[in-house]
2 protein chains.
Amino acid sequence: MALGIGYADQTCNLARALEVLGERWTMLILRDCFYGVRRFSDLLAHLDISRAVLTERLNTLVEAGIVERRAEGGHPVYLLTEAGTATWPSLYALARWGERFGPPERRSGRTFRHWGCDAELDDHGRCPECGATPGPADVVTHPGPARAGDRTDPVSVALRSPHRLLTSVPA
Amino acid sequence: MALGIGYADQTCNLARALEVLGERWTMLILRDCFYGVRRFSDLLAHLDISRAVLTERLNTLVEAGIVERRAEGGHPVYLLTEAGTATWPSLYALARWGERFGPPERRSGRTFRHWGCDAELDDHGRCPECGATPGPADVVTHPGPARAGDRTDPVSVALRSPHRLLTSVPA
DNA sequence: TGGTTCAGTCTGATGACCAGACAATAATCG
DNA sequence: CGATTATTGTCTGGTCATCAGACTGAACCA
């Protein structure tokens with residue numbers, strides 16, 4: 001989490017999670033990883049983050065074992081590890097909260113549905129159709145309605161169609 | 001979230017949640033609110049946060065409708081609103097993740113149990129005994145084992161005994 | 001009245017983040 | 001093969017958040 005001392009004196013699992021996940025941009029980077037964004041340049045364009053900070057966050061995530069850096073045809077590719085995919089319930093819960101209680105402007109309308117059932121997941125990430133609580137690999141995200149001023153980077157464009165989580169995007 | 005621009009261009013419910021909840025210290029303040037910490041001085045002592053930052057965070061949380069400031073006998077008291085208590089699934093999921101994958105030192109061993117059933121909640125916050133997913137008011141937290149160097153502020157001391165969430169602490 | 005607690009505000013120092021320039025390596029094309 | 005472009009970073013100077021700790025003002029207590 002940086003800024004000096006972290007949460008050094010907090011003997012608490014939440015503080016331990018936030019020590020890694022709570023830094024600025026980190027959860028949004030993970031969100032993009034779930035969406036299937038894998039390349040430095042795509043993260044950069046989709047997040048509007050500074051290069052230096054993106055580099056630093058990715059290094060931190062790799063060191064923490066949340067993301068794996070793999071060389072693929074010369075250029076690196078970033079993939080979620082088991083610890084990374086295990087952050088899904090946290091991100092999903094936060095997004096749900098943001099939908100109901102976040103600042104009212106910029107409501108996205110994006111939904112998450114169970115692969116196969118096509119039913120929208122509830123507050124706890126459960127499929128109302130079959131009762132299962134699917135992992136991210138079995139979740140499909142559907143975009144909300146288009147709006148003026150939508151982003152035009154390749155990732156944003158690709159995510160205007162329904163997309164199964166963890167499968168590569170764009171292309 | 002501050003530091004200049006927020007996540008202004010991210011049309012995304014997660015970004016909207018993090019705009020408020022993602023600032024440094026904010027989720028730990030909310031954790032303490034769930035524990036029942038209600039006074040400025042108790043938050044200050046329990047969190048080791050600077051006075052200026054605590055003041056600013058509380059103001060932000062009040063403005064966002066997540067926490068309510070109520071004058072009680074001259075001194076203010078801070079209580080979770082409906083939007084505040086609705087953050088419980090997010091905090092619980094993060095704490096669960098921190099327990100499994102966070103930095104290995106400072107593992108707390110603290111558990112969360114269903115009031116009445118006394119069964120430990122699972123990854124999704126569900127009670128394995130009765131199948132319900134209790135809200136925070138029906139959750140009891142049990143401390144992990146004591147350790148050398150445990151904090152000695154009143155809140156930390158009080159939380160060494162089992163404690164029902166949202167009930168006042170200390171005393 | 002004078003001391004104590006509490007809830008903030010204020011200050012100077014440190015460091016994280018920003019935009020944008022620069023560098024190094026890898027793919028592409030004539 | 002050599003030149004161009006694409007991609008992944010590193011570096012820099014300025015801005016702003018956070019830090020520790022001193023200070024203020026109001027309420028409560030003896």
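Reminder, nothing fancy here: chain letters follow the sequence lines and each chain counts from 1. Every value quoted in this text rests on a predicted model; they were computed, and no experiment measured them.
- Of the two residues contacting DNA chain C, namely A:Gly74 and A:Ser50, the nearest-nucleotide position lying further toward the 5' end is that of A:Ser50.
- Taking atom CG of A:Asp48 as the reference point, atom P of C:dC17 lies 16 Å away to the nearest angstrom.
- Expressed to the nearest 0.5 Å, how far NE2 of A:His124 lies from OG1 of A:Thr133 amounts to 9.5 Å.
- In this model, no donor atom of one side chain and acceptor atom of the other lie less than 3.5 Å apart for B:Tyr78 and B:Arg38.
- One atom, CG of B:Leu47, and another, P of D:dA20, lie 12 Å apart when rounded to the nearest Å.
- By the ring-ring contact (aromatic ring centres under 6.0 Å, His included) test, A:Tyr35 pairs with no residue at all, sequence neighbours left out.
- As rounded to whole Å, 13 Å separates atom P of C:dC17 from atom CG of A:Leu28.
- Counting heavy atoms from C-beta on, the side chains of A:Leu47 and A:Arg31 come closer than 4.5 Å.
- Remark: A:Leu94 CG to A:Thr87 OG1 distance equals 10.5 Å, nearest 0.5 Å.
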Dump the pairs, protein N or O against N or O of nucleotides 3-11 of chain D, anything under 3.5 Å, distances to one decimal.
from, atom 1, to, atom 2, distance (Å)
D:dT7, O3', A:Arg39, NH2, 3.2
D:dT8, OP1, A:Arg39, NE, 3.4
D:dT8, OP2, A:Ser41, N, 2.8
D:dT8, OP2, A:Ser41, OG, 2.8
D:dG9, OP2, A:Tyr78, OH, 2.7
D:dG9, N7, A:Arg51, NH1, 2.6

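- One finds no side-chain N or O of A:Arg24 lying less than 4.0 angstrom from the OP1 or OP2 phosphate oxygen of D:dA17.
- Using a 3.5 Å distance cut-off with no hydrogens or angles, the side chains of A:Arg69 and A:Asn59 do pair a donor with an acceptor.
- B:Ile49 places its CD1 atom 10 Å from the P atom of D:dA20, with the value rounded to the nearest Å.
- In this structure, the CG atom of A:Leu54 is 11 Å from the P atom of C:dC18, given to the nearest Å.
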